[in-house]
Amino acid sequence: MPSFVKAFRLPVYSIIALLVLLQSCSIGDKMTNANKAYLIGEYDRAAKQFKKAYKKEKNKYTRGEIAFYLGECYRRTNKPRKAASAYRNSVRYKYEEIEAELFLADTYFASEKYEEAVEAYKSYLDKKALDRRAQNGLAAYKLVLNDSIKTRYQVEKIKDLSSPKFSDFSPGYASSDYDQVYFSSMRTEKKSRKRNRITGQGGSNIYVSRIDAKNKWTDPEPLDESINTTFDEGSATMSDDGKSMYFTRCRYDNEMPSSAEVYMVSRSGGKWGEPSQIIIGGDSVLIAHPAISPDNETLYFVSDMPGGYGGKDIWKSEKGDEGWNEPVNLGSVVNTPGDEMFPYVRTDGTLYFASNAHVGYGGLDIYRAVFDDEAGHYRVNNMGKPINSEGDDFGIAFKGLQEEGIFSSSRGSSKGVDNLYSFVLPKLEFSMKGIVYSQKDETPLANAYIKLIGTDGTNIKLKIREDGSFGTKLSNQTDYVFMVASPSYFNYKQRFSTNGLSDNREFNFEVNMMQMEDAIVFQNIFFEKDKSELNSDSEQELDRLTAILEMNQSIVLEIAAHASDEGNETEAIVLSQMRAEAVMEYLLEKGVKTERLSAKGYGNSKPATVNKKMARKYDFLQEGTVLNPINIRKIRGSSNKRKAHEINRRIEFNVQKEEEGA
């Protein structure tokens with residue numbers, strides 16, 4: 001995490017505790033130097049001093065106190081494993097700072113030691129049951145465990161912009177062509193350049209890189225000395241027209257804690273002018289991480305000023321006639337008792353920010369916030385993996401409304417070094433394929449044709465290949481219907497949609513065409529012995545028939561009901577007639593016109609003939625066998641005989657008429 005992220009003034013309780021520690025510690029000068037370094041934000045230097053003092057201290061309570069501040073130094077310089085070890089010692093020696101256990105849980109989590117983190121969160125909640133940070137920590141464990149918001153974004157480290165040993169972070173595009181990027185870096189190319197006492201890296205400066213003719217990023221160059229000074233500069237954000245830049249400057253004082261300020265600088269003729277400080281809420285208010293709205297009328301920023309929700313909060317200020325108006329906190333939905341930082345406003349007004357206290361994957365995660373006018377507050381969502389990781393993820397910038405851009409992350413770095421990563425959400429790809437075949441003998445129908453119509457304007461005829469197959473690409477967010485027609489076959493129609501789909505999809509269809517000259521047999525329209533009531537499976541099959549009749553309005557059907565030979569012949573005719581009429585009544589209720597239907601019961605006079613499908617399905621049947629009483633008696637096994645009788649108790653639909661042009 002960059003140095004000016006840690007440049008906010010320390011809480012009063014921390015300062016008081018350190019002063020007490022300074023007065024009571026028996027180690028003398030080394031502790032004095034450590035405390036002073038910590039109070040002014042030199043965490044890297046303070047950690048070295050605290051570590052030496054810890055080794056020499058004999059008093060257990062004081063060791064616990066030193067361990068807590070050593071943990072604080074490591075946590076603030078993004079070294080979670082070292083921080084966890086220090087906090088563990090602080091808790092072990094029963095140091096009275098209750099948040100030591102919370103920070104121990106956080107750093108366990110950031111170190112991917114999830115079981116230990118859960119135990120520490122639960123132990124802390126035993127003491128502070130309502131603490132939102134610990135509650136969110138447990139919720140974050142469930143999120144990591146289930147990986148429930150993994151997205152399709154593709155993330156890749158930008159090697160041309162990332163230095164291996166020093167942090168590069170908080171990028172922003174500088175033109176509408178997105179061929180220039182400004183970012184902050186702690187790289188120390190110059191040997192004479194001093195290391196930053198906060199992080200142990202170089203001081204933070206703003207760099208620029210451009211896309212060259214080979215579509216590569218050029219070597220990053222620092223901006224001129226009017227912007228980059230001996231202080232830390234970073235988190236640069238551009239106005240929508242690219243003419244103004246807002247950035248953070250963190251002044252350094254050997255005697256006092258560092259302070260963060262926001263500056264604005266304008267560009268004319270390709271050159272930057274002299275920066276001017278932006279004063280919001282009084283000249284003593286600490287502000288950082290600016291983000292300007294697309295209309296240049298609202299400035300978002302980060303501050304720990306009074307009136308927040310704890311830690312660092314995101315605020316905003318509207319432009320007035322005489323400067324920036326009084327700041328307004330974005331509220332408790334965005335801000336938490338932890339830290340919310342690095343705001344960014346997209347072209348459409350969507351707010352993005354980083355937080356270490358919302359439910360996330362560890363460290364800082366990136367969140368999307370959309371204002372709900374009806375609810376009167378923001379709706380906040382974690383951007384999921386792989387945008388977010390177990391490390392710190394922050395400082396995102398989009399290419400306008402494209403789902404593509406750059407962000408910074410410490411993922412994979414044991415030393416807390418931040419690098420720049422590109423991200424892109426690949427366009428969804430949809431397609432359809434299928435095969436058209438005859439229901440009778442399952443042979444492909446190459447002479448069929450398919451017409452595909454979509455709400456995006458699609459109106460095409462698909463080619464059927466010799467093997468009966470077809471296929472084509474589809475559009476996103478589109479409702480489709482396709483129709484299949486072939487001479488002497490019933491028309492087929494099916495609807496489907498790519499609306500609302502979030503993953504690539506290939507729709508696969510098997511188009512089973514039924515011949516008009518044959519009886520239409522639905523295999524799942526069966527009846528119980530001696531009964532004429534339709535069951536739910538039969539109704540589903542009849543719904544399919546209703547759809548076929550709707551697509552083939554000129555067809556007139558005879559509903560032919562057949563019974564088995566298990567009873568009296570007269571009774572079988574009566575029962576089969578009742579079954580045929582039950583089917584007809586169902587179709588009439590579904591809207592099929594009376595003149596298109598007739599019903600007749602054939603009793604047991606026309607036993608079924610075993611076709612190829614039946615023979616495949618039932619190994620005790622042979623194709624071509626007529627299921628009359630003699631042949632059924634030859635079948636072995638009472639259950640197989642019952643199945644043969646069930647096949648005879650069937651409904652067939654005979655085509656009686658088909659008008660010309662149907």
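All residue numbers refer to positions in the sequence shown, counting from 1.
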Given 3.5 Å as the limit, does a donor-acceptor pair link the side chain of Thr350 with the main chain of Arg346, or not? no
Between Ser409 and Asp393, does any side-chain donor sit less than 3.5 Å from a side-chain acceptor? yes
Testing the 3.5 Å rule here: is there a donor-acceptor pair between the side chains of Glu101 and Ser123? yes
Is the shortest distance from a Lys or Arg side-chain nitrogen in Glu646 or Lys643 to a carboxylate oxygen in the other one below 4.0 Å? yes
Should the ring pair Phe496 and Tyr480 be called parallel, tilted or perpendicular, given that the plane angle runs from 0 to 90° and is split at 30 and 60? parallel
Would you say Tyr492 and Asn552 are linked by a side-chain donor-acceptor pair, where the criterion is simply a distance under 3.5 Å? no
Could Arg411 and Tyr421 be counted as a cation-pi pair, given that NZ or CZ must be under 6.0 Å from the ring centre and within 45° of the axis? yes
Aromatic ring pairing Phe620/Tyr618, orientation class (parallel under 30°, perpendicular over 60°, tilted between): tilted
Output all residues satisfying ring pair (Phe, Tyr, Trp, His ring centres under 6.0 Å) with Tyr602, sequence neighbours left out; order by chain, then residue number. His562
Flag the pair Phe398 / Phe423 as yes when at least one side-chain heavy-atom distance between them is below 4.5 Å, and no otherwise. yes
Are Lys433 and Phe509 in a cation-pi setup, meaning NZ or CZ lies under 6.0 angstrom from the ring centre and within 45 degrees of the ring axis? no
Say whether Asn604 and Asn648, considering side chains only, have a donor N or O and an acceptor N or O under 3.5 Å apart. no
Taking the side chain as C-beta and beyond, is there a heavy-atom pair between Asn382 and His358 under 4.5 Å? no
